[in-house]
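What's counted below: heavy atoms across the whole structure, side chains too, no hydrogens, waters or symmetry copies. Everything numeric in this text was worked out from a predicted model, so none of it was measured. Lettering follows sequence order; numbering is per chain, from 1.
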Number of protein chains: 2
Amino acid sequence: MTASNAFGSGMVIQQRNLVEQVADFLTQAIISQHYAPGERLSEVQLARDLGVSRAPVREAARLLESRGLLVSQPRRGFFVRALDAAELNDVFDLRLCLERHALARLVENYDAEKEQALRRQVELMCEVALNDSDSRKIEEDLVFHRMLIAFAGNRRLLRTFDDITHELRLCMALIGKTHADPDSIATCHWALLDALASGDREQCREAVDYHIGVARDYVVQGIGEAS
Amino acid sequence: MTASNAFGSGMVIQQRNLVEQVADFLTQAIISQHYAPGERLSEVQLARDLGVSRAPVREAARLLESRGLLVSQPRRGFFVRALDAAELNDVFDLRLCLERHALARLVENYDAEKEQALRRQVELMCEVALNDSDSRKIEEDLVFHRMLIAFAGNRRLLRTFDDITHELRLCMALIGKTHADPDSIATCHWALLDALASGDREQCREAVDYHIGVARDYVVQGIGEAS
DNA sequence: CGATTGACGACTGTCGACAGCTTGGTATCG
DNA sequence: CGATACCAAGCTGTCGACAGTCGTCAATCG
C-alpha cells in the first residue's frame, strides 16, 4: 500500500510501530479465517515469519487480547478466540445496550448536518452492497453504526463500541455471508433515520431493538449452522 | 494474604507473573496518588526501582493503558491518566447505560437467592462505612454494583463494567472523601433492591437513574473542586 | 495391556544490550 | 538580547539470548 504526500508519490513514511503492523497483520489473518478459531499461535514462529523479533509480536498479541480477538493462557501462549453462541449473544446484547443509549442521547441534539451525513453513509452502503466484497460491506455497516455512536457525543461510549466492533468483525466474518440485498439494507437503516428524525425517543428505541435484534438473530443462526 | 490447603496453612505457591505484580504495584501507586495525574513514568527507572527488567514493566504498563489508568505517546512513554470533568461525565454516562441494562435484565429473573446476597452486601457496606478506610468503602460499593451486573447474566457486559471500574476507582480516589454516612448508604441502595423486588421495570430504571446520577454529581463536583 | 514415569523438544517469561528518537540545555549568530 | 542551531543525556523501540516450564512421546513397571 503506497500513499501520496507533500513530497511526491510513493514516498511512504515507514515509521509506524512494528507493533501496529503486526497487530494489523494478525487481525487480518484472524478475520480472514487464515487461523482457525482456537488455534494456537507461536510467538517464535510468528516472529520468524514476519521477520521481526518476539517483542513486537508479543505486544501486538496482548493488544489483540484486549480487543477480544485472542485469549492467552499463562505459560501456554495465545489462542485465536473461539466465540460460541452464548458469547455472541452477550456481545449483541451489549451492543443493543450501547446503541439504545446512543440514540436516546442523539435524538436530543439531532440536526440536519448529522442527518445528512448518516443518509450519505446509507447511500454508500447501498452502492457497496451491489459491487464490493463482503468485508467491505461489513466495514461500511460498522461505519454507519459508529457514526451513530459518535454523534451521541460520549467518547467513552464510542471506545467501548470500538472494542466490541472487533468481536463483531470476527463473528461476522465467521459466518461468511452477508445480506447483500441493497433494498433491505436501505429500508432497514432508513427506519432508524426516520425514527431519529421523528424525535420520538420511544420510536428510536423500537427501531434500534428491531435493527440489532435482526442482526443478532442472523449472526447467531449463522454460528449455529457453522459449528 | 495467605491461604490454607491440603498441606496445611500458609503454604502459598508464589508463582504469579512479574507482570501482574508490577501491574498491581502500579495500580496501587496511581490510585493512592503516589504519582500525580499527567506524570510521566520511566520504564527504566521503574524497572530499577522494582528490581526487574523493562519487559514486565512495559507489559504491565500496556495492561494499565488498556484499563484506562495510563496513556501512552509513541516514543515518549507512559503518562498517568488525567481525567477531566467531561471524561468523568462520559464514564458515568456509560455506567448508567450499563446498569440500566443490567437491571432491566436482572428484574426478569430475580429470585430470593440473589436478593439475599445483595442484601447481605448492603449490610456489609453499612458496617464498613462505620469502621474502615475510604478505599475499603469504595471497594465494597463496587462489589455491590458488580453483583448487580453479574446477576444480569451477560459476561461481556460484566467485562465492560470491570473496565470502567478501574477508571471509577481512579477518580473516586482522586476526590478523596466518600459519603461515610451508613444511613444514606443503606437507604440509597435499598431503594434499588426495593425496585428490583417490585418487579417493575420502570421503577428499576428510575432507581438506577437516581442512584448513578447522585454518584456522578458527587464525583464531578469533587473533581471541579480538586482542579 | 494400561498406567506411570522420565526425558526430549518447544515455548514462554524474563533479561541485558544497542540504535534511533526526543528533550532540555548550551553555544552561536544576527 | 532574542532566536536559531547544535549537542549531550536519557529514553523508547527492538533485538537476541537464557532459564524454567509445559506438552509429548517413548520406555518402564504393575
Side-chain angles (χ1 to χ4, degrees), chain A residues 5-7 11-27 29-30 34-67 69-82, chain B residues 5-7 11-27 29-30 34-67 69-82:
Chain A
N5 58 24
F7 303 102
M11 179 69 185
V12 188
I13 302 179
Q14 185 66 333
Q15 194 160 358
R16 276 176 53 223
N17 271 347
L18 282 188
V19 176
E20 274 185 47
Q21 296 185 47
V22 175
D24 284 353
F25 171 85
L26 274 180
T27 302
I30 293 172
H34 191 271
Y35 296 121
E39 183 173 345
R40 178 176 181 175
L41 298 186
S42 162
E43 293 178 11
V44 217
Q45 189 173 346
L46 265 174
R48 267 200 307 262
D49 293 348
L50 298 178
V52 297
S53 93
R54 275 179 55 214
V57 170
R58 194 181 169 82
E59 212 163 307
R62 283 260 124 89
L63 187 63
L64 266 67
E65 184 188 14
S66 77
R67 291 178 180 170
L69 293 184
L70 294 177
V71 292
S72 79
Q73 295 181 24
R75 299 247 172 224
R76 297 225 31 221
F78 294 91
F79 300 80
V80 177
R81 173 95 176 272
Chain B
N5 57 24
F7 302 104
M11 180 68 185
V12 188
I13 301 178
Q14 183 68 330
Q15 194 159 358
R16 278 177 52 226
N17 271 348
L18 281 188
V19 176
E20 275 186 48
Q21 297 185 46
V22 175
D24 284 352
F25 171 84
L26 275 179
T27 302
I30 293 173
H34 192 270
Y35 297 120
E39 184 173 343
R40 179 175 180 175
L41 298 185
S42 162
E43 292 178 11
V44 242
Q45 187 172 345
L46 264 174
R48 268 200 305 263
D49 294 348
L50 298 178
V52 297
S53 92
R54 275 179 55 214
V57 171
R58 193 179 169 82
E59 210 162 310
R62 281 260 125 86
L63 187 63
L64 265 67
E65 183 189 14
S66 78
R67 290 177 180 171
L69 294 184
L70 295 177
V71 292
S72 78
Q73 296 181 23
R75 298 246 170 224
R76 298 223 29 219
F78 294 91
F79 300 79
V80 178
R81 173 93 176 273

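Listed nucleotides: dG16(D), dT12(D), dG13(C). Nearest to the side chain of E43(A): dG13(C). Of the candidate nucleotides dC15(C), dC15(D), dT12(D), dT12(D) has the atom nearest to the side chain of S42(B). The side chain of R40(A) approaches dC11(C) more closely than any other nucleotide in the set dC11(D), dC11(C), dG13(D). Among the nucleotides dC11(D), dG16(C), dG13(D), the one closest to the side chain of S53(B) is dG16(C).
With rounding to whole Å, L63(B) atom CG is found 16 Å from dG13(C) atom C1'. Look at CG on L50(B): it is 17 Å from C1' on dG13(C), rounded to the nearest Å. Atom CG of L18(A) and atom C1' of dC15(D) are 11 Å apart (whole Å). In this structure, CG of N17(A) is placed 13 Å from P of dT12(D), rounded to the nearest angstrom. Put simply, CD on E20(A) is 11 Å from P on dG13(D), counting in whole angstrom units. The CZ atom of R58(A) sits 14 Å away from the P atom of dC11(C) (whole-angstrom rounding). Atom pair Q21(A):CD and dT14(D):C1' shows a separation of 13 Å (rounding to whole Å applied). Rounded to whole Å, atom C1' of dC11(D) lies 12 Å from atom CZ of F78(B).
At a cut-off of 3.5 angstrom, counting only N and O atoms as typed in the model, there is a donor on one side and an acceptor on the other between the side-chain of R54(A) and the base of dG13(C). Residue-to-nucleotide contacts include no donor-acceptor pair under 3.5 Å from the side chain of R75(A) to the base of dG23(D).
As judged by a 4.0 angstrom heavy-atom cut-off over every strand, L46(A) is placed among residues making no nucleic acid contact.
Atom CG of L18(A) and atom CG of L50(A) lie 9.5 Å apart (nearest 0.5 Å). Note that the CZ atom of F79(B) and the CD atom of E39(B) stand 10.5 Å from one another [nearest 0.5 Å]. Between R58(B) atom CZ and L46(B) atom CG the span is 13.0 Å, to the nearest 0.5 Å.
At the phosphate of dT12(C), neither OP1 nor OP2 sits under 4.0 Å from any side-chain N or O atom of R76(A).
Between the side chain of R40(B) and the main chain of R76(B), a donor-acceptor pair closer than 3.5 Å is present.
Taking 4.0 Å as the cut-off between side-chain N and carboxylate O, E59(A) and R62(A) do not count as a salt-bridged pair.
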